[in-house]
Amino acid sequence: MTLGKTYSYLAAVDIETKSLIPDPNGALIPHLSVITVIGLVAQSGDRKVFRGPEAIDECCEYIKQNNLGVIGQNFKFDLRKIIFDRPDLEQFLMERWVGDTLLQAHNLPDKVVDSFLAQYELKREHENDELPKGYTHRKAGALSLKVLAPYFLGVPPFWEDPTDHDNDEYVLKDCEYTLRLFEYFDKRFKEEFPAAGRFYEECQLPWTKMLLKVEVTGIHVDTDKMSQKEYDAVTDRSEAKLILDGMWATIQQEITRKSEGDLQARYEAMALTAIEKLKDKTKAERTHERYANNYAQARAKLDTSINLASPKQLLEVLSEYRGYDVRDFDGKTSTSKEVLQKLAQEGHEDIKTLLKYRSADKLANSYFPAYKLFLRKDTGTMHTTFNPSGARTGRLSSSKPNMQQVAPVLRDMFTARPGYKLVTKDLAALEPVLIAYYTQDPRLMEIVQSGMSFHCVNTKEVFGLQDVPLEEIKHRHADLRKIAKEFGLSVLYGAGGNRVQKSFLKQGVSRDIAQCKQYVYKLRDTYAGVWQFKEELDSMLQRGDVVYNYMGRPIVFNDPEEVYMKGFNRLIQGSGSDILQAAAYDISQEPGCQVLLLVHDELVVEVPEKRAEELERRVEFHMTKWDLTNDTGTVKLKVEGGIDLCWKK
DNA sequence: TCTGAGAGCGCC
DNA sequence: AAAGGGCGCTCTCAGA
């Protein structure tokens, strides 16, 4: 690890926080939590604990006095909270932050094995039994310090006291293990995986710093618009519910009657059993009365209304009372969207209403409550958390709230601050482009170089439409194109006949499996170079080789069984996502550009209104500057999107 | 009463 | 032999 010669030695720092709201999850959210204690363990052997209102200052003073570089385990979390409390220290801490054990572990090809995790889980359950009622040790993931330290350092498993988060001993142990792990990982990178070490140091760590800045900045929310949208969703939901209640009134009555009957029968049976056991048979009448009374009470509490959120109840209504075929494309009964859409297409009005209810309910229940919880009311900004180790591919994940799953209809409530505009750009057809680059397949190279439509070409090839000009496919064979689009990329990643059959069924067309397999072979044949590349890659990964993606991120599989389905996909998806992260990093270095969101292949960047067009070109440049030249030619990255006052798709 | 798995669904 | 992949969130339901 290069200390940059600037710092004398290292110290691991860890903070403990507690929630300011009843929900303990508040401890994870900067504006809903408070720091209880800061621990620091330095390579010098010094162990420090800082508390109280001066804790941050004293800690930083110690770091400065001793000229320390600072590391942590998922240190982005700690820094985000510290910077929230003390924005003036952002620059100082950002510079001092020189390492992270979570990011090291994420990129070390040697992973914690599943059997160790399972063993650890057993120990945790055992420990939980010893705890006072209501307290548990939270499940620890493969990248948590609680797993990493015992696995790689061989220290005994350790748990904090969940009744006392504000504990010197624990926070110091945390720091000590972090420091030891850091040195251990550093050594292993140097000795065994120098390329992975470089990726960690030159990409993963700087990118994570960029993400911290993105999180701290947040994205501005038009709260009036948000309220309006929530009101609309709630209204839509109750309207749909009302209509559905009307349509299903008789079913509701039948269900109520049936439940009452069942309940009554149960209580009568209980009464009979009780009476049989009676020694004094003269009390039979009174016993009977008592059970009748109990039944009346239970009846009053009985809720027989149909719970639309219960797949079990809904399934009963749809299949038994309405007589619908509720089998999905795998033949299993289900109330999933694909089943409901098929029924809606057959013209069932109740199902159309149910679908409306479902989507409004999703907005009202999943989106808005989270947005209201995580909105900073003083600034009107939303601050997601990006998890650099959230996905095995190297993609980011986003949570609290998840800004990578914002429904398109909700996007325009996220806006530029006054005086600014948003540049929203996505990398067009990123995956076909990267597949062409990697596999050198001549047909795919030709397609992405010439700008032909991947899906239209597939439609022609698969369905034997040689006579139809490419540009007419979209209009003359829209239905077939839709199906081909459904399974085109999937087949290149390893999908088979079943998957293709499903794509047909979704469009209301049934094809036998043999025919579907023919389509798969046809596509593999069309892109023979892709399939050949995939097979070579698979055999390397199955041997346990470490493969590096476009940006140098290591790819390795412990389980060879997983390779067929995940290997090629991980190379392509991970490369795409890393290109976007690298672009976001470079854009964040452009004066005037503030990256607000990363959504896998899309960036949202805030720029001063007056320089919008100029900076839009800078954003485009950084997103498309990556060299995709292979032995057969060069493919170019393209972006789509523009400038607006709000986030638009 | 609490937890964890599964269903379902939003996004790429 | 056959197999698209990657997430987070909310709800229900069953088991402890």
Side-chain angles (χ1 to χ4, degrees), chain A residues 25 121 124-125 128-129 131 133-139 307-315 328 332-341 354-355 357-371 373-374 384-411 426-431 435 486-500 502-503 513 516-517 520 523-524 530 534 538 555 561-574 576-577 580 597-603 649:
Chain A
N25 282 324
E121 186 59 14
R124 183 182 72 96
E125 279 165 16
N128 276 345
D129 294 342
L131 287 174
K133 213 171 147 53
Y135 289 98
T136 53
H137 294 299
R138 282 206 312 270
K139 196 168 180 164
N307 182 356
L308 296 177
S310 163
K312 201 179 158 200
Q313 291 183 32
L314 196 56
L315 211 57
D328 65 12
K332 290 190 309 245
T333 58
S334 158
T335 66
S336 64
K337 199 173 182 174
E338 56 184 28
V339 172
L340 297 187
Q341 271 171 348
L354 180 58
L355 279 166
Y357 173 87
R358 275 251 178 102
S359 55
D361 185 59
K362 179 80 177 172
L363 294 177
N365 263 1
S366 289
Y367 284 88
F368 290 109
Y371 290 159
L373 176 64
F374 295 119
T384 186
T385 300
F386 285 109
N387 312 302
S389 60
R392 288 268 27 130
T393 53
R395 270 190 174 186
L396 299 172
S397 73
S398 157
S399 58
K400 293 183 254 89
N402 183 350
M403 290 301 288
Q404 293 178 328
Q405 57 161 183
V406 179
V409 290
L410 300 185
R411 291 197 177 178
D426 67 283
L427 284 160
L430 183 54
E431 288 179 57
I435 293 174
E486 262 264 341
F487 65 74
L489 262 185
S490 315
V491 170
L492 298 188
Y493 285 134
N498 288 327
R499 179 69 177 73
V500 171
K502 211 188 233 183
S503 302
I513 191 72
C516 292
K517 281 183 178 169
V520 171
L523 216 48
R524 285 184 194 170
V530 173
K534 181 187 181 299
D538 284 359
I555 300 170
E561 294 279 308
E562 287 193 329
V563 169
Y564 181 92
M565 282 197 293
K566 298 179 178 172
F568 187 47
N569 182 273
R570 193 168 293 185
L571 176 70
I572 301 302
Q573 201 184 80
S577 139
L580 192 87
L597 293 175
L598 299 88
V599 193
H600 309 306
D601 63 0
E602 177 187 3
L603 283 180
K649 184 64 197 164

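Residue numbers start from 1 in every chain, and the chains themselves are labelled A, B, ... in the order their sequence lines are given, proteins ahead of strands.
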Problem set entry | Check: dC9(B) base within 3.5 Å donor-acceptor of Arg358(A) side chain | no
For this session: Measure the distance from CE on Met403(A) to C1' on dC9(C) and round it to the nearest whole Å.
Result: 15 Å
For this session: From the options dA14(C), dC11(B), dT12(C), select the nucleotide whose nearest atom is closest to the side chain of Lys312(A).
Result: dA14(C)
Exercise. Picking from dG8(B), dG8(C), dG4(C), which would you name as closest to the side chain of Ser334(A)?
Worked result: dG8(B)
For this session: Compute both the distance and the angle, then confirm whether Lys534(A) meets the cation-pi test with Tyr564(A): under 6.0 Å from the six-membered ring centre, within 45 degrees of the axis.
Result: yes
Exercise. Counting just side-chain N and O atoms, does Ser366(A) come under 4.0 Å of either OP1 or OP2 of dC9(B)?
Worked result: no
For this session: In whole angstrom, give the distance that lies between atom CG of Asn402(A) and atom P of dG10(B).
Result: 14 Å
For this session: Measure from the side-chain heavy atoms of Lys362(A) and tell me the nearest of dC9(C), dC11(B), dC11(C).
Result: dC9(C)
For this session: Check every strand shown and say whether Val491(A) touches a base, only sugar-phosphate, or nothing at a heavy-atom separation below 4.0 Å.
Result: nothing
Problem set entry | Closest nucleotide among dG4(C), dC13(C), dA3(C) to the Tyr564(A) side chain | dA3(C)
For this session: State, to 0.1 Å, how close Ser399(A) and Thr384(A) come at their nearest heavy-atom pair, and which atoms those are.
Result: O-OG1, 3.1 Å
For this session: Please report the shortest heavy-atom distance between Leu396(A) and Phe386(A), naming the atom on each side.
Result: CD1-CD2, 4.1 Å
For this session: Select base, sugar-phosphate, or nothing to describe what Asp426(A) touches, counting heavy atoms under 4.0 Å on all strands.
Result: nothing
Problem set entry | Minimum-distance nucleotide (side-chain atoms of Met565(A) versus dT10(C), dG5(C), dG8(C)) | dG5(C)
Problem set entry | Protein-nucleotide distance (Arg138(A), atom CZ; dC2(B), atom C1'), rounded to Å | 16 Å
Exercise. When you look at Ile513(A) and Asn498(A), which way does the side-chain contact (heavy atoms from CB on, under 4.5 Å) test go after all the steps?
Worked result: CA-CA 7 Å; Ile513(A) 191 72; Asn498(A) 288 327; 3.1 Å; yes
Problem set entry | Atom pair distance, as rounded to whole Å: CD1 in Ile513(A) and C1' in dA1(C) | 13 Å
Exercise. Hey, does Lys517(A) reach any base, or is it just sugar-phosphate, or nothing, if we go heavy atoms under 4.0 Å?
Worked result: sugar-phosphate
For this session: Report the nucleotide, chosen from dC9(C), dC13(C), dG8(B), that has the shortest atom-to-atom distance to any side-chain atom of Ser399(A).
Result: dC9(C)
Exercise. Base, sugar-phosphate, or nothing: which does Ser577(A) touch, judged by heavy atoms less than 4.0 Å apart?
Worked result: nothing
Exercise. Given dG10(B), dT12(C), dG4(C), which nucleotide is nearest the side-chain atoms of Pro311(A)?
Worked result: dT12(C)
For this session: Mind calculating the distance between CG (Leu340(A)) and P (dC9(B)) to the nearest angstrom?
Result: 7 Å
For this session: Decide yes or no, distance alone: a donor-acceptor N/O pair under 3.5 angstrom between the base of dG6(C) and the side-chain of Arg392(A).
Result: no
For this session: Answer yes or no: is there a side-chain heavy-atom contact under 4.5 Å between Leu355(A) and Lys337(A)?
Result: yes
Exercise. dC9(B) base to Lys337(A) side chain: any donor-acceptor pair below 3.5 Å?
Worked result: no
Exercise. How long is the line joining CG of Asn387(A) and C1' of dC11(B), in whole Å?
Worked result: 15 Å
Exercise. Across the strands shown, which category fits Pro408(A) at heavy-atom distances under 4.0 angstrom: base, sugar-phosphate, nothing?
Worked result: sugar-phosphate
For this session: Please state whether the phosphate of dG5(C), meaning OP1 or OP2, lies under 4.0 angstrom from any side-chain nitrogen or oxygen of Thr393(A).
Result: no
For this session: Begin from the C-alpha positions of Leu580(A) and His600(A) and carry the test side-chain contact (heavy atoms from CB on, under 4.5 Å) through to its verdict.
Result: CA-CA 7 Å; Leu580(A) 192 87; His600(A) 309 306; 5.8 Å; no
For this session: Whole angstrom is fine here: how far is it from NZ in Lys139(A) over to C1' in dC2(B)?
Result: 15 Å
For this session: Report yes or no: does Glu431(A) contribute a side-chain atom to a donor-acceptor pair with the main-chain N or O of Gln573(A) at less than 3.5 Å?
Result: no
Seminar exercise, completed: Checking dG8(C), dG4(B), dC12(B) against the side chain of Arg124(A) (C-beta onward), the nearest is dG4(B)
Problem set entry | Interface residues of residues 566-574 of chain A with DNA chain C (non-hydrogen, below 4.0 angstrom) | Lys566(A), Asn569(A), Gln573(A)
Exercise. How far apart are the closest heavy atoms of Asp328(A) and Ser334(A), and which atoms are they?
Worked result: OD2-CB, 4.1 Å
For this session: Can you spot which of Arg358(A), Lys312(A), Gln313(A) makes a side-chain contact (heavy atoms from CB on, under 4.5 Å) with Thr335(A)?
Result: Arg358(A)
For this session: Report yes if at least one side-chain N or O of Thr335(A) is closer than 4.0 Å to OP1 or OP2 of dG8(B); otherwise report no.
Result: yes
Seminar exercise, completed: From CG of Asp328(A) across to C1' of dC9(B) the rounded distance in Å is 15 Å
